[in-house]
Amino acid sequence: MSLTRRNFLGVAVAAPVAATVVPLNAAFAAKPLTIGFSQVGAESEWRTANTASIKDAAKKAGINLKFADAQQRQENQVKAIRSFIAQRVDVIAFSPVVESGWDTVLREAKRANIPVILTDRGVKVSDESLYVTFLGSDFVEEGRRAARWLVEHAKKNPNRAYNIVELQGTVGSAPAIDRKAGFAEVMKLEPRLKIIRSQTGDFTRAKGKEVMEAFLKSEGKNITVLYAHNDDMAIGAIQAIEEAGFKPGKDILVVSIDGVRGAFEAMLQGKLNVTVECNPLLGPQLMEAAKAVKAGKPVPKRIVVQEGVFPAEVAAKEFPNRKY
Ligand code: GYE
């Protein structure tokens, strides 16, 4: 038995008056909750808002947050999770850069009795008990919403062509897989909607621009729609479209997802047609979930974030209300 333990037990057992015990208990109760959080990176406006929300909410809740940026690499996230386990944090939360390959490290967390909360992006694991809850958006529904806007547009424009180029998010990530699937599902309702090229732009402006340049080089005037899995890639691509001498929002309709400030600015300039909202302000809900998990209260396995769709016509009215 260690010296500290003997001392602690000695005090607790031998103390004849409650007054000696109470401050000890109070000291334990006051110990702040420690969360280890592994973030994807800093690839987009969405991510910047998400990180700020998490840091801010932890501060307000008096939670001790250990924050690690994985720079879009799974191996960095695995390392961060292992270090959180070694530090014996109370709760591990992370936004998995890709869906698969998490079984081993999550089993290590489970063995160490540290609950895991998935934030923003989901995983594919063999055993669902490897995480307590998944707090995030319904990405399939976001993809469907983007396609629904185009299906409606096509109804009103019976002679227009809808040759779509698609800028996918990070390969293997839940939002890229799901936004593609949801879009493809609803797209079938209108046979004129056709995807002619599809490639990843890794959720960044720079890559979005670069890939759009390549699309324009090979397809040129043939392209009439851009569907980007996030606003940042759309904004990068808009620049490429203008540089190629086309009008974004008119010659090429631009549809994207997130609803960040940059997208609203592009809509106000008539360069982006619609953005489907994906709310990054997950901090307060994450802190609540972590507290509940630690207190042994039941939490739902899936917590879905509420969000809307913003076509360019409502951009001016909505802009002042935007928080990210
Ligand atoms: O849409 C994109 C970011 O996982 C929902 O990641 C998130 C996505 C978001 O880089 O902008």
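Counting starts at 1 for both ligands and their atoms, in listed order. All residue numbers in this chain count up from 1 along the given sequence. The analysis underlying the following values was restricted to heavy atoms, covering all of them including side chains, and did not include hydrogens, waters or symmetry mates. This is a predicted model, so every value here is computed, not measured.
Screening R179, K180, R197 for a salt bridge (Lys or Arg N to Asp or Glu O under 4.0 Å) involving E166 leaves a single residue, K180.
Heavy-atom neighbours of R88 CZ from other residues, nucleotides or ligands within 6.0 Å: at or below the threshold of 12.
T275 and D231 form a side-chain donor-acceptor contact under 3.5 Å, judged by distance and modelled atom types alone. Between the side chains of K66 and T34, no donor-acceptor pair of N or O atoms lies under 3.5 Å. Side-chain contact of Q39 with N50: a donor-acceptor pair under 3.5 Å is present, judged by distance alone.
The salt bridge (Lys or Arg N to Asp or Glu O under 4.0 Å) test applied to E210 returns no partner, not counting sequence neighbours.
Contact shell of ligand 1 (protein heavy atoms, cutoff 4.0 Å): E43, S44, W46, R47, D120, R121, F139, P175, R179, F203, N230, D258, C278.
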